[in-house]
Amino acid sequence: MITPSDFADRILTFYHQHGRKDLPWQQQPDAYRIWLSEIMLQQTQVATVIPYYRKFLSRFPTLKDLASASLDEVTSLWSGLGYYARARNLHKCAQTLLNHHDGEFPRTAAALEALPGIGKSTAGAIAAFAFGEAAAILDGNVKRVLARCFAVAGWPGESRVNRQLWQLAERLTPAQSTASYNQAMMDLGALICRRSKPACDQCPLEDICQARQLQRQTDFPGRKPRRERPTRTASFLVLRDTRGQILLQRRPPTGIWGALWCLPECPAQETDPGPWCAREFGVEATDLRALASLRHSFSHFDLTMEPLLAMIRPADCRIMERPDCQWVSHDEALQLGLPAPVRTILLNLETGE
DNA sequence: AACGCGGGGCC
DNA sequence: GGCCCAGCGTT
């Protein structure tokens with residue numbers, strides 16, 4: 001079995017030869033930029049994150065700017081990136097730092113982990129990249145590299161497997177050059193030790209990788225047990241007044257699309273959306289017309305969305321007075337924090353009529 | 001159509 | 001500590 005120091009040497013050599021050193025958040029690697037990028041990189045690939053990262057940094061150059069922004073503005077910039085709890089936690093974390101930490105990030109992984117949206121791996125990444133702490137990380141890339149190299153069987157979602165991988169990660173992470181090592185492990189997972197078609201001939205661990213010796217690379221890490229995904233259907237109302245304004249409703253603060261602006265969702269059991277509209281919003285919807293339905297998948301169910309276009313009678317246009325609702329123009333709507341499929345429905349409205 | 005991806009919240 | 005929740009992009 002390879003010694004931790006030989007392992008780290010190989011990874012660091014790989015870093016110097018092939019590691020990514022030109023990512024946007026590596027240019028001025030302060031804690032704010034590292035944190036922002038790490039939160040975005042949870043569940044999301046580098047290529048997707050880059051435009052969002054630039055947008056955020058340009059609108060919120062400092063932690064203070066982010067903390068003093070409204071949640072609405074943060075979710076609006078986050079719109080389309082998914083897992084919106086990350087945006088809520090990002091905003092909350094910025095305010096916590098301003099209010100309780102003198103506007104500074106704590107400098108240890110242990111203290112970082114206490115902040116909203118920062119778990120063990122993200123804490124390790126920030127501590128290592130921003131402050132040089134010898135903290136281990138275990139993101140999806142590192143899990144794949146370690147699971148293959150050491151043939152760790154089982155799905156990392158199982159706590160036994162997760163513990164084993166953390167133990168390996170911590171044992172192998174070097175006390176020096178930790179940031180380069182961590183970056184290299186992520187790069188190795190993302191570029192070489194890919195989920196499918198790993199480029200083993202370019203891997204610095206090729207000769208010691210147990211999965212490769214077994215010719216079973218893609219069996220590691222073990223897959224998440226399959227579960228069937230139910231399908232739900234719901235109608236979403238595009239209520240338009242005579243001036244072409246549209247009614248949007250804010251989602252509850254947590255849960256699906258939490259705190260985002262959405263088209264009013266008419267429950268599936270409502271056979272006739274007209275009366276529901278009258279009860280719920282006190283408006284009379286006329287000229288109901290079905291728009292093209294779309295399928296949207298969540299991690300644990302599929303949603304068939306059936307958009308319904310309806311007119312609001314002129315007399316009803318402004319009777320709507322609810323704090324969770326607003327009438328907006330088409331263009332204003334697109335500026336808000338909308339779930340991706342709602343954005344699609346509104347964009348189709350322009351072209352698809 | 002499957003798969004992969006970190007963390008929070010609840011019990 | 002175990003279980004559920006969550007939204008995209010990629011393959």
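All chains are named by letter (A, B, ...) in the order of the sequence lines, taking the proteins before the strands, and each is independently numbered beginning at 1.
No contact: A:L138 has no heavy atom under 4.0 Å from any strand. Within the nucleic acid shown, A:Q42 comes within 4.0 Å of sugar-phosphate atoms alone, with no base atom in reach, counting heavy atoms only. A:L41 comes within contact range of the sugar-phosphate backbone alone, with a heavy-atom separation under 4.0 Å but no base atom that close. Across all strands shown, A:L115 has heavy atoms under 4.0 Å from sugar-phosphate atoms exclusively, and none from any base. Residue A:T254 is classed as having no contact, given no heavy-atom separation below 4.0 Å to the nucleic acid. Within 4.0 Å (heavy atoms only), A:G258 reaches no atom of the nucleic acid at all.
For A:N141 and C:dG9, the CG to C1' distance is 14 Å, given to the nearest whole Å. Whole-Å rounding puts the A:K197 NZ to C:dT10 P distance at 15 Å. Look at CZ on A:R160: it is 11 Å from P on C:dG2, rounded to the nearest Å. For the pair A:R343 CZ and C:dC8 P, the interatomic distance rounds to 10 Å; values are reported in whole Å. Nucleotide B:dG9 holds its P atom 16 Å from the CZ atom of A:R86, rounded to whole Å. Across the protein-nucleic acid pair, A:R88 atom CZ and B:dG7 atom P stand 16 Å apart, rounded to whole Å. Between the CG atom of A:L81 and the P atom of B:dG7 there is a distance of 15 Å, rounded to whole Å. Rounded to whole Å, atom C1' of C:dC5 lies 6 Å from atom NE2 of A:H300.
Comparing C:dA6 with B:dC11, their P atoms sit 16 Å apart, to the nearest whole Å. On the P atoms, B:dG6 is 16 Å away from C:dT11, given to the nearest whole Å.
For A:N89, counting side-chain heavy atoms from C-beta on, the closest listed nucleotide (B:dG6, B:dG8, C:dG9) is B:dG8. When the nucleotides B:dG7, B:dG4, C:dG7 are ranked by their closest atom to the side chain of A:T122, B:dG7 comes out on top. Here the nucleotide nearest the side chain of A:S121, chosen from B:dG4, C:dC8, B:dG7, is B:dG7. Considering only the side chain of A:F301, C:dA6 comes nearest among C:dA6, B:dG6, B:dG4.
Ring centers of A:W257 and A:Y83: at least 6.0 Å apart, outside the cut-off.
Distances shorter than 4.0 Å separate none of the side-chain N or O atoms of A:Y83 from OP1 or OP2 on C:dC5. Residue A:H296 has a polar side-chain atom (N or O) positioned under 4.0 Å from OP1 or OP2 of C:dC8. Between A:R144 and the phosphate of B:dC5, there is a side-chain N or O to OP1/OP2 separation shorter than 4.0 Å. OP1 or OP2 of C:dG7 has not a single side-chain nitrogen or oxygen of A:T44 nearer than 4.0 Å. Residue A:S299 places no side-chain N or O under 4.0 Å from the OP1 or OP2 atom of C:dG7.
Rounding to the nearest 0.5 angstrom, the gap separating the SG atom in A:C203 from the CG atom in A:L188 is 4.5 Å. If you take CZ on A:R33 and CD on A:Q26, they are separated by 13.0 Å, rounding to the nearest 0.5 Å.
Comparing A:R195 and A:F298 by the nucleotide of DNA chain C whose heavy atom lies nearest to each, the residue mapping closer to the 5' end is A:F298. With DNA chain C read from its 5' end, the first of the two nearest nucleotides for A:K224 and A:Y52 is the one closest to A:K224.
Residues A:W327 and A:D241 share a closest heavy-atom pair of CZ3-N, 3.9 Å.
Checking each of A:F129, A:Y52, A:Y53 against A:W25 for a ring-ring contact (aromatic ring centres under 6.0 Å, His included) leaves exactly one that passes, namely A:Y53.
Side-chain contact annotation: A:T62 with A:D65, donor-acceptor N/O pair under 3.5 Å present. A:Q42 and A:T122 share a side-chain donor-acceptor pair at under 3.5 Å.
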